[in-house]
Chemist: 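One structure, as structure tokens, below. Some questions next.
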Amino acid sequence: MRSIRWLAVIPFLALVVGPFFVNRTTPIILDLPFLLAWIVAWILITSAIMALIYATDPANRGDEP
Amino acid sequence: MNGALVFIAAAALLALLLGFLASRGKDMNLEQWTVGGRGFGAVFVFLLLAGEIYTTFTFLGGSGYAYGKGAPAYYILCYGTLAYVLSYFMLPPIWRYARDNRLYSQSDFFVRKYDSQALGVLVALVDILALIPYLVLQFKGLGIIVEIAGYGAISSTAAIWSGAVIVAAYVMVSGVHGSAWTSVAKDTLILGVVVFLGIYLPYHYYGGLGAMFTAIERAKPGFTVLPAHGESLWWFSSTVLLTALGFYMWPHTFASIYTARGAKVIRKNAIVLPIYQLILLFVFFVGFAASLQVPGLTGSNIDLALFKLSAKTFDPWFVGLIGATGVLTALVPGSMILMTAATLIANNLYRTVNPSADDRQVALLAKLLVPMVALVAVFFTLKGGDTIVALLLMGYSFVTQLFPSLVLSLARRNFATREGAAAGIIAGVATVAIVSLSGANLHALKWLPSEVQDLNIGIVALAVNFAVLIVVSLATRQVAQPSSVAAQ
């Protein structure tokens, strides 16, 4: 399951490379200009990705706090 | 005394009280004072690691940037998120190594990993060079906040002096425990205040968020996207990358990792912190709302946008409450910076000169250094000038130069030698310093493509750093190998 860790690369692609493709105002999504909506969406997805990595990481199974 | 001042004074007193109470029942030796006895649970570690997000820079600067520049402000949202992703993988090994070797500072980490006192001194100097402007920035923000939110009743000079005295006093007594307890008050207040402002102001002035962005697009086309030149896409990407890598290289943030009780706490934070910092979005909404309502602020005055709009909208007592929040956003990071700088001087500079000093003497010296560091910062704050933002960005570029040698040292077999690490750091810091101090930047080099001109100089310096590190490490490695064979 260690390969799931590689999902962590995706937020970097989305937030460092992604803006080059979505630097626009429209369409407005949930009242936000498109670029801002893109960033906000990826922050939420990042959190979900980290939760997935956490859940599958054997390092978190032990009793250590 | 007006209604606003009551809240501001209450915030200052609350910080002082919490700061003092935090030390109760603890023997304030060096380990307790500087890394909380390595016993902090999820909440405190969360707040200390999140402390970086809500400083005066983000409170005033985040809204100010959205007000003055629009979309480039988004970078603040991005770099934190990416830094938290990195933190999941990078911080647990750092924490474990620090616990096993009883480290107190970031400089200690380099001393031990590279087995070199000299490298530790170099790192401590880079750290202090970056920390002082960061502290100056907090004090300057504090002065602005108290002067405006108090409707001029207290001068910014008086506010800066009082703030410095308060923070120095509770840091001396409680160390990192004081920072942790006051950050509880800070984050509670800022959550409430910022979310309220970010929702209320767009509705009050525009009838809604969508209506606000439509109005902004009509008045200032292209304000909510990145411009073609200057703070362009290239600037954005390089700045996000630089600041994401540099995030945990700040010595006070780095040392706050040491306070954790376990590694799981740190990994769990990587899930929650991206969402938590989304509250910055509301800070941006305030800045965007202000951009059409209180136009005309330029230069460094864009930082006043949040308070100008608040003073226009609310009764003095509520402006006072916002001011009180602002005061805490200056005092809490200020306290961590003060403590870290004092620890670095006592533990990594003084102890190198006088190796026989024991922990008790170092702790005493660190506490005595707190008011002196505060005094130096107050001096620079009052001497002022508007070069502070430039200095902060320089600070970020400085601390990020520690990233390559730090990350390489986490590998099982470290490729970098101590000479390589030192040469890389020096080359990187020198690149930043020369470019920043000479006022030159890549825009002066007209023959470069505009994409390259817009790059953040810290990224360029990081590339220089890495190249030098590789070359010098290869060179010193070859010299070292024959002798180690001979020794066998």
Chemist: Please classify the contact of F285(B) with chain A as side chain, backbone, both or neither, using a heavy-atom distance under 4.5 Å.
Modeler: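 Only the side chain of F285(B) comes within 4.5 Å of chain A.
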Chemist: Drop me the distance from L36(A)'s CG to I28(A)'s CD1, to the nearest 0.5 angstrom.
Modeler: 10.5 Å
Chemist: Out of curiosity, S238(B) OG to L462(B) CG, how far, rounded to the nearest 0.5 Å?
Modeler: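 So the OG of S238(B) and the CG of L462(B) are separated by 11.0 Å.
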Chemist: Can you tell if the side chain of F223(B) reaches within under 4.5 Å of the side chain of E217(B), non-hydrogen atoms only?
Modeler: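 F223(B) does not reach E217(B) side chain to side chain.
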Chemist: Find the one option among I39(A), V16(A), D57(A), N23(A) whose heavy-atom pairs under 4.5 Å with chain B are most numerous.
Modeler: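 If we count pairs closer than 4.5 Å to chain B, N23(A) comes out on top.
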Chemist: Determine the sole option in Y67(B), F213(B), Y206(B) for which the ring pair (Phe, Tyr, Trp, His ring centres under 6.0 Å) test with F288(B) is passed.
Modeler: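 Result: among Y67(B), F213(B), Y206(B), F213(B) is the only option passing the ring pair (Phe, Tyr, Trp, His ring centres under 6.0 Å) with F288(B).
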Chemist: Is the Y88(B)-Y84(B) ring centre distance short of 6.0 angstrom?
Modeler: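 Here the rings of Y84(B) and Y88(B) have centres that are no less than 6.0 Å from each other.
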Chemist: Based on non-hydrogen pairs under 4.5 Å, which of L44(A), T46(A), D31(A), I49(A) is most in contact with chain B?
Modeler: D31(A)
Chemist: Under 4.5 Å, counting heavy-atom pairs only, tell me which of T224(B), V272(B), T239(B), I266(B) racks up the most with chain A.
Modeler: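 Sorted descending by pairs with chain A, the first entry is T224(B).
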Chemist: L15(A), V17(A), V40(A): which one forms the most heavy-atom pairs within less than 4.5 Å of chain B?
Modeler: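 The option with the most such pairs is L15(A).
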Chemist: Does any backbone or side-chain atom of L209(B) lie under 4.5 Å from a heavy atom of chain A? Answer side chain, backbone, both or neither.
Modeler: both
Chemist: Heavy-atom cut-off 4.5 Å, strictly under: side chain, backbone, both or neither for L278(B) against chain A?
Modeler: side chain
Chemist: Contact part of V240(B) toward chain A, heavy-atom cut-off under 4.5 Å: side chain, backbone, both or neither?
Modeler: side chain
Chemist: Give the intermediate values and the outcome of side chain to side chain contact (heavy atoms under 4.5 Å, CB included) for residues Y75(B) and S237(B).
Modeler: CA-CA 8 Å; Y75(B) 96 86; S237(B) 284; over 6 Å; no
Chemist: Roughly how far, to the nearest 0.5 Å, is OH of Y248(B) from CG of L406(B)?
Modeler: 13.5 Å
Chemist: At a heavy-atom separation under 4.5 Å, does F89(B) approach chain A through its side chain, its backbone, both, or neither?
Modeler: side chain
Chemist: Please classify the contact between I53(A) and chain B as side chain, backbone, both or neither, with a heavy-atom cut-off of under 4.5 Å.
Modeler: both
